[in-house]
Structure formats: structure tokens, C-alpha cells
Amino acid sequence: MTDSHKNSPLDGAKPRVRFAPSPTGYLHVGGARTALFNWLYARHFGGTLILRIEDTDLERSTEEMVEGILQGMRWLGLDWDDGPYFQTKRMDIYRAAGVKLLASGHGYYCFCTKEQLEDRRAKATAEGRPPKYDGACRKISREEAERRKNAGEAAAVRFAVPESGVTFFDDAVFGRIEFANSELEDFVLLRSDGGPTYHLSVVADDVDMKITHIIRGADHISNTPKQVLLYQALGAALPVFAHVPLILGPDKTRLSKRHGATSVISYRDLGIVPEAFRNFLALLGWTPPQTAAGTNEATPEILSDTQLIQLFGLDGISRSNAVFDNDKLAWFNTEYIRAYSAEKLLPLIEEEWTKAGMRVDTRDGNWLLSTIDLLKPRARNLKDFATSFRAFFTDDYPSDPAAIEKFLKDGNIRKMLGELADLYAALPEFTEAETERVLRELATAKGIKAGALINGARVALTGQGVAPSLFAVMMALGKERTVKRLQKLN
RNA sequence: GGCGCUAUCGUCUAGGGGUUAGGACGUGAGAUUCUCAAUCUUAAAACACGGGUUCGAUUCCCGUUAGCGCUACCA
């Protein structure tokens, strides 16, 4: 029995979780995993997943990125129950929260300009002091602050952090984490333009949306005490925090563009099957409960979405960062492709053909399906069907020079393959057994190894040195194409 | 720099005061063969370091080191 929500303030009630990306970039791998964990958690407990777009950074947020994020989630098969909400459309909520905080004395006006703050910060670091806001405006009396504000002076609203004491929270993954309040600075709640800052908008929204569990990246751990303070100041119950360790690149630094593909959608373009990606991602930083404790039985890693949902829980999340391993992703992908039926694969493959500009004759459905079945055990990704396997679906395919060099450079072999073509043309029954028999007999007659003929024929038929069993290839190509391609050698 | 978090094979991880430290991906070797993949067999591969606590620490505590995160009127 997994019962990871035992810490919930709403014990027994259905959890309400959210995925709250900022549309300042595409949906990256880390964000996708956060979304996945939230999704799995919601589905496991029959709770609600809310999608909220945190677009309060007007400078950097774009509509295009919003679409990119939604597209990424759809590709991964992650659906949400509510939203998407846009923070830019919920300004009233944040302003109301700001007013409330101001009224209760938890917030105060700050008239410092950006330039002043930067100067002070620079000076502080230069002098070796922590670059914390010095609380200058906190000393201004409320009357004076109101007067200046009403006089039209630009003012931000800051949160008055208690000068002493400790703020803590019990993280579902990391356990209790404490921060000395003296380490926290009087952070900005409302910018001088009236817009909310991250801390205010998240908390106001999470309270308003009755979020019970906040599952997010561990990069937010340091932000959490400020938010805890905000919950307390607002008189709201604390949700369960579950911070998820970060995903790193092979060099163990935070995954970024430098490491190649970081956008989820780029994995689609690489020919990765979404289910494989999802399975791989789920196991990055989370381990399902052991099947039977004490047994050496291997815990399976290929897990369907149903199994993932059933098994998922916060207690399986690890505390250390994880390196993104492309090799393992590739393995998941081949496993999924191999397990898929040809029917399921076909539409995915057709997309690849379209992308590659290939025109494939799809009239003979049975032939298509059996050819896919022949090929899929050695496919590494969906693109293979438009690249390495191209010769199976169209007559317009390239030949690998290295393969020719290796198996077809001998003129005698080419000549023999030409003879083979004639034998095949005259063959009444073009079957796997017959084609093999004829080839082997020819090899014996010529006094060479069958393998030499087989390998040469493979290159002639597929343009590749690598392909399935030759006679199966011939059946997939059919008599006409087989003969024609063999004849072309001379 | 300050604060916070983390530390088991190359990678993802299981485990936990006494174990041959388990699995998966990857890697090596062999078998098979018609190339490649698959498959089967098999091999190599880890408890960061130093102090405690203890009869006994990889496991618990402290420190060191390293890595990561945060340190904005970004999110």
C-alpha cells in the first residue's frame, strides 16, 4: 500500500496538484519530469492536476512558448484536469493578497530604485557583506509611506521577514529543512508597476487553487521558506512540499542546451516514442517499490502508464540529482518499438515518411504491416524507417559506399548476382525456401561461400550492409524488385 | 563568500549495524550466424575521505572534500 499523502493537510481528501511552467522557454526535460510526477501523483490518487502558466515575467514570456509547452505535454500524453490558467489574467488575486499583507503589517512600501539597490548590492559584495536588502524602507512610518505613495512616488511592496527565529517545512522527499530567518531578505511582493513577483503569485495561486501538494524541482528549496512565511502571513494551511532532485547532463552540470537536446519535442524529432520517453523519465529520480522485499527478483523497468500510475508515490523519489543517460533512453525506445504492433507503428512511421518527403505505396496493407514487423526488431528509433530501411519502401534510396566496398567490390560476385537474378526471374515459386535453395546451389556451383553471395545481395537489394535475413528481405521486396535490383549490378 | 541539499559500479538505482553489496543500461569475452540487431552464457565494474559510536560500520553521528541549488522589482 502506497500512502504517500499521509502528510497531507487534507487527509483523506483527493490531492490537488499543479504543474506551473514559466513560458520563457520550451518544455525542457526537467520540466517534463516535474509535470510527469505531478500527473502520476494526481492519477494515482484520483486527484486533480491543474496547469498554470506563470507568465508574470512579461519581458521573457511568449505565447509561442506556451504553445510549445502544451505541445510537449500532449506529446508525452500528460493531460490536465483544470486550466491552463494564466497568471497575467489573475492579477486581481495577487493585488488583493498584496493589500491584505500590507494591511496586516506583513508588507511595506519600498521606494528604493533599482539603481540604488544595485549600487548597494555591489558595494556590499565588494565589502564582503551578504548582498541582502538592508531594510531601509522598513523603517519608514506607515503614514509617511502612504503619503509618498499617494503623492505618486513609485513603490514596490516588500515582505517584512521576521528578524529572528527559524522557518522550516517538512519536505516529503528531503525531510525537515530549516532556515534561519536572519538569512532571508525582505523580498519584493509587488513590483513598482503593481505586478506580482514570483513568491507572491505562486502562494496566492496555490492558496486560491487549494493546492495540497507542491511537487517541483529542488531548485525551489531555497525559495520555500519565503513562501512558508507567506502562507503563515496569509493565514493559510501549508501544503505538502515535495522537491524533486535535478536532472543533470553527462558532465554532471545542470542539463542545458550545451548538452544537446533539452526540449522534449526534440526527442520526438529524434524518433523517440513518447511512451518510451515517459517510462525513461519516470525512472529518473524515482524507483518503484520493490516487488517483494528480500527477494532478488529483478524489478521490471519497462512499465506501462497504468503500472506507473499504480506504483507511483512520493516515497520512491530519490534525493540526489540524476544524470540523463541517452543510452538508456535508446534502450527503452527499442524495447517499445519492438513491443508495438505493426498497426500501432504504422501511423508513427508514416509521419516519418512525410517528414522525409518519401512517397510510399501504401495500397497493400498486409505487405506494409509484415514489412514493418520484419524491420522493427532492429529499429533504434522511428526515423530508421525513413533512413536505414528506406530501400524497403521506395526505389529511391542511397547506397552505403562502405557496404559496397566491403561486399560488392568483387566483379565476379557482381556477375554471379546477375546470374542469380536470371535464375530468380525464371523461378516458378518465389518463396523464402526456394530463393535460398537457388542461391546456395549457385554458390556451390561456383565454388564460393554462400555468405559471399548473401552479403553482396544484401547490399544490392537494400543499399546497406545491415539488414534482416536476406531471404526475408527478398520476400518483403517481392520478386520483381529483387530481380531488378540484382540485375542493375552489371 | 553566505545559506541549503546531496554523496553505493561509467550511468540510473536497491539495500542496510554482521550480505558473495542486488538489479537495469552501457562495456568486454564466448556461443549462434548471412551482415546487423536480437537471443543465450559469461566477465569486469561501486559503498568519496577522515574521525568517532559500536564487539562490529558501506549503513548511525561529526568533520573534510566534491558536486549541485538559491543568493533579482526572473520564475
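Order of the sequence lines fixes the chain letters, A, B, ..., with proteins taken first and strands second; residue numbering starts at 1 for each chain.
Under the Watson-Crick and G-U wobble criteria, each requiring two contacts below 3.5 Å, nucleotide B:rA43 is paired to B:rU27. Nucleotide B:rC5 is matched to B:rG67 when pairs are restricted to Watson-Crick or G-U wobble geometry with both distances under 3.5 angstrom.
Summarising the geometry of A:Arg390 relative to A:Pro398, their closest heavy-atom pair is CD-CD, 4.0 Å, with the distance given to 0.1 Å.
When heavy atoms are screened at a 4.0 angstrom cut-off, A:Asp55 is found touching no nucleic acid atom at all. Across all strands shown, A:Leu246 has heavy atoms under 4.0 Å from sugar-phosphate atoms exclusively, and none from any base. A:Ser201 comes within 4.0 angstrom of no nucleic acid atom, judged by non-hydrogen atoms across all strands. Using a 4.0 Å heavy-atom cutoff across all strands shown, A:Arg338 reaches sugar-phosphate atoms only and no base atom. At a threshold of 4.0 angstrom between heavy atoms, the contacts of A:Gln464 with the nucleic acid are absent. Base engagement by A:Cys112 is indicated by at least one non-hydrogen atom pair under 4.0 Å involving a base atom. Within the 4.0 angstrom heavy-atom criterion, no nucleotide atom of any strand lies near A:Ser61. Residue A:Glu185 is in sugar-phosphate contact alone, with no base atom involved, counting any heavy-atom pair closer than 4.0 Å across all strands shown.
In this structure, A:Lys449 places its NZ atom 13 Å from P of B:rU33, rounding to the nearest Å. Between the C1' atom of B:rA37 and the CG atom of A:Leu374 lies a distance of 12 Å, rounded to the nearest Å. When rounded to the nearest whole Å, the span between CD1 of A:Ile69 and C1' of B:rA75 equals 11 Å. What separates CZ of A:Phe179 from P of B:rC5 is a distance of 7 Å, to the nearest Å. As a whole-Å value, the separation of A:Leu439 CG from B:rU33 P is 17 Å. Atom-to-atom, NE2 of A:His243 to P of B:rG4 comes out at 16 Å; the value is rounded to the nearest Å. For the pair A:Tyr198 OH and B:rU71 P, the computed distance is 10 Å after rounding to whole Å. Between the CG atom of A:Leu58 and the P atom of B:rC73 there is a distance of 17 Å, given to the nearest Å.
Contacts of residues 321-337 of chain A with RNA chain B (heavy atom under 4.0 Å): A:Asn321, A:Ala322, A:Val323, A:Asp325, A:Asp327, A:Lys328, A:Trp331. Within residues 117-127 of chain A, the residues having any heavy atom under 4.0 Å from RNA chain B are, by residue number, A:Leu117, A:Arg121. Taking every heavy atom of residues 156-168 of chain A and every atom of RNA chain B, pairs under 4.0 Å involve A:Ala156, A:Arg158, by number.
For a distance-only test at 3.5 Å, the side chain of A:Arg60 qualifies as a donor-acceptor partner of the base of B:rC74. Side-chain to base pairing of A:Thr197 with B:rC73: no donor and acceptor N or O lie closer than 3.5 Å to each other.
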